[in-house]
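Scroll down for the structure; my scribbles are underneath it.
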Amino acid sequence: MPPTRTAARSKKPPPDGFEDIEDTLLEFQNKMKDAENASHEGKKKYEMVWPIFQITHQRSRYIYELYYEKEAMSKKLYDWLLKNGYADANLIAKWKKQGYEKLCCLRCIQTKETNFSATCICRVPRDQLKEGQDIQCVNCGCRGCSSGD
Amino acid sequence: MASLPARPPAGRPPLPPGWTEHKAPTGHTYYYNKETKASTYTRPIAQPQNFHSSFAAAPPPASRPPSNYNPNADLFNPLATPLTNTNFNPNPQQQNFQRQNFHHATPQQDHGGGHRGGHHNFQERRRQQPEDRPKHRYDIPNCQPWVLVKTKLGRRFVWNKDTNESFWKFPPDIMKGVVEFDRIEREKRERRQRGEQSEDENDTMADIEAEIAAAEEEISAEVVEVEGDLGMENEEEYEEMEVTDDEEEKIENPSKRQRTEEPPEDQPLEMGEDDIAWQLAAMEEGYDEEEEEEGLPLTEEDCKALFKELLDDTRTNPYTPWEKVLDSGLLYDDERYKALPTMKARKDCWDEWSREKIHFLKEQRAKQEKTDPKIPYFAFLQSHATPKLFWQEFRRKFKKEPEMKDTKISDKDREKWYREHINRLKLPQSTLKSDLSALLKAQPLALLNRSTTLNTLPSSILTDLRFISLPTSTRDSLVETFISTLPPAPEDATALAEDEAQASKRQAERERRERALAERERRVREDKKKQQRDLQYGKGRLREEEMEIERAMRVGKEGLRGQLGNFEGDGKGDKRRDE
């Protein structure tokens with residue numbers, strides 16, 4: 001019988017530089033746990049997943065900025081983080097594209113899931129919305145993530 | 001203004017003879033005249049019959065913008081019609097009609113009936129035209145009795161509260177006030193957009209809004225009063241005339257009546273002078289701030305530097321996200337936080353600072369000597385490992401310890417060292433001691449000499465199992481005695497000398513290389529010069545040859561003649577000489 005694979009066994013140790021961001025990542029982890037265990041009382045059905053999306057976005061953004069903008073991370077560490085699910089690689093891939101620099105979540109640009117094959121309302125630039133129109137998208141509670149805003 | 005009220009049929013005036021009432025398939029009631037074969041939705045009334053016909057003949061024109069509508073502003077009073085009848089079509093004819101209507105109604109019928117009739121007519125007309133009614137009232141600075149009234153459709157007129165005059169076209173003296181008012185409004189809006197409004201300002205704005213709302217109500221009430229004055233000059237009569245106002249107001253009437261009982265002189269207080277004063281003061285404050293900002297000698301660079309200093313001083317971790325830094329609230333209290341005007345600038349500055357800081361830290365770490373992760377683990381083994389525990393038990397017991405969780409060492413190594421250590425612990429003390437002395441003796445003098453202490457032992461000793469297998473007290477004494485026997489590190493000097501020798505060697509090497517480089521360059525330069533000289537020479541040669549050729553070419557006929565001439569000249573000379 002093969003030995004059981006525990007998380008600790010199969011996991012490669014994090015590369016150098018992980019200690020610097022460990023605390024922040026731990027905080028994100030705790031936040032995520034809180035969001036997962038939060039009560040659904042008085043919330044709409046779709047509202048419940050908003051914090052999950054938001055925390056994921058924040059964490060991915062944090063790692064993205066550290067690696068691409070501040071260059072504070074080694075490639076090795078970045079890959080390790082992506083592999084271990086600390087950041088969403090697909091979302092980060094979108095951020096590198098022009099016009100998607102602030103994208104809130106991948107569901108908001110998934111046109112196949114909408115009735116009129118359009119993107120989410122949060123992708124609409126603010127100046128194209130009506131004056132004083134306050135939006136919050138159903139997918140992730142984004143209030144507007146177009147690059148021009 | 002909701003749907004038409006369902007009127008009790010009993011209260012309706014009787015139809016004139018010849019008219020009959022019918023219900024259309026859509027549910028509307030309409031009226032049919034058998035004699036004239038005319039049908040209408042409007043209920044024909046017996047008395048003002050003639051009037052209706054005139055009304056029908058001259059249908060009210062659709063409301064037009066006041067500017068092209070009003071050739072002489074004095075002639076008509078927008079307040080009278082629009083504010084009461086709510087269809088805002090200041091048409092003199094209609095005004096007349098209304099008045100006439102009232103005059104007709106009052107003497108002949110009891111109030112209720114007549115006015116309901118009147119109301120009905122207005123309702124009908126209201127349906128046809130876009131409605132307009134006063135929406136907001138603003139005080140015009142420096143033109144006290146005059147107020148600026150804005151209607152629902154966005155048109156504006158001025159109204160004198162005292163004399164009840166109102167004009168679409170602003171008289172010149174009021175024009176100035178209106179322009180001033182517009183300017184103030186614009187500035188307010190801009191300030192609001194910039195979001196620099198403080199909270200108390202917001203409060204006062206809310207107050208003002210509430211006041212405006214109150215003022216609106218009162219205007220409508222007041223306006224009814226105005227109409228009453230115009231129509232009948234009689235307060236009691238006017239109360240009935242409110243029928244001309246719409247439904248909701250009717251409901252609210254009781255309170256309004258009480259209010260309209262007050263003298264109109266009290267009303268300017270609604271949007272009081274102090275509000276304007278406050279507005280002006282706020283404006284001045286705004287100006288002052290701006291001036292201050294402009295007056296500061298700080299450049300953008302200075303501001304950024306200040307903010308960065310603040311970040312340095314608060315010992316912020318450059319790896320934390322910006323949101324967390326803001327949430328921690330450490331920055332807000334400091335003056336330097338305000339050095340940068342916008343949040344965006346602050347974020348940019350933060351990015352820059354954290355980037356620099358991270359790179360600085362990285363460099364520092366690279367310079368620092370790397371400590372072997374084995375050292376803390378071995379120290380841990382020394383203090384905690386016992387032959388009583390198997391490796392599995394030991395691991396389970398201490399799995400929370402940082403030494404056991406350190407990812408730099410693999411579990412396998414940990415296990416191996418643990419087992420070896422335990423095996424060594426079972427050996428007799430004498431062998432352990434001899435092993436330790438062997439280890440110490442094996443160290444080069446450069447690392448271990450008299451100047452070393454127990455805290456500055458080289459890592460080669462600290463990471464050896466022989467070092468930790470003895471209990472600390474016996475081991476320390478052993479090591480100290482051994483160190484005291486060592487010579488006082490003369491090797492340092494030799495090492496230094498070696499270093500120096502190496503350095504000088506390197507220096508010499510470098511100089512040599514430099515010299516070589518210079519030599520080579522000189523040679524190259526010489527080569528170049530030589531080449532150039534050759535080139536120059538070649539060119540000169542070429543030029544000379546060319547000149548020669550040119551000269552040869554120039555020797556044409558002319559040259560020949562010249563030569564001939566020469567010869568002739570010579571010949572003449574010869575002849576002369578002969579003569």
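So you know, we letter chains A, B, ... as the sequences are listed, proteins then strands, and number each from 1.
The residue among B/P318, B/P321, B/S410 with the most heavy atom pairs within less than 4.5 Å of chain A is B/P321.
Looking only at distances, a side-chain donor or acceptor of A/Y62 sits under 3.5 Å from a matching main-chain atom of B/Y319.
Counted within 6.0 Å of OH on A/Y100, heavy atoms from surrounding residues, nucleotides or ligands total 12 or fewer; the atom is thus considered open. More than 12 heavy atoms of other residues, nucleotides or ligands lie within 6.0 Å of NZ in A/K43, so this atom counts as buried by the packing criterion. Heavy atoms from other residues, nucleotides or ligands lying under 6.0 Å from CZ of B/F390 number 12 at most. More than 12 heavy atoms of other residues, nucleotides or ligands sit less than 6.0 Å from atom CD of A/E19. Applying the 6.0 Å contact sphere to OH of B/Y337 captures more than 12 heavy atoms from other residues, nucleotides or ligands. Residue A/K96 qualifies as enclosed at atom NZ: its count of foreign heavy atoms under 6.0 Å is above 12.
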Item checked: Intermediate values then yes/no, salt bridge (Lys or Arg N to Asp or Glu O under 4.0 Å), B/R355 and A/E69 -> CA-CA 8 Å; B/R355 202 192 154 109; A/E69 276 158 33; over 6 Å; no
Checklist line | Candidate pair A/E71 and B/H359, rule side chain to side chain contact (heavy atoms under 4.5 Å, CB included), full reasoning | finding: CA-CA 8 Å; A/E71 289 155 3; B/H359 279 263; 4.1 Å; yes
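Taking all atoms of both residues into account, the shortest heavy-atom contact from A/K70 to B/S354 is CE-OG, 3.0 Å. Residues A/L66 and B/I358 approach most closely at CD2-CD1, 4.1 Å, considering heavy atoms.
With respect to B/R365 and A/D20, a salt bridge is recorded, a charged nitrogen being found less than 4.0 Å from a carboxylate O.
Of the atoms belonging to A/D16, it is side-chain heavy atoms, and not backbone ones, that fall under 4.5 Å from chain B.
B/T320 contributes atom OG1, which lies 9.0 Å from atom CD of A/E27 (distance to the nearest 0.5 angstrom).
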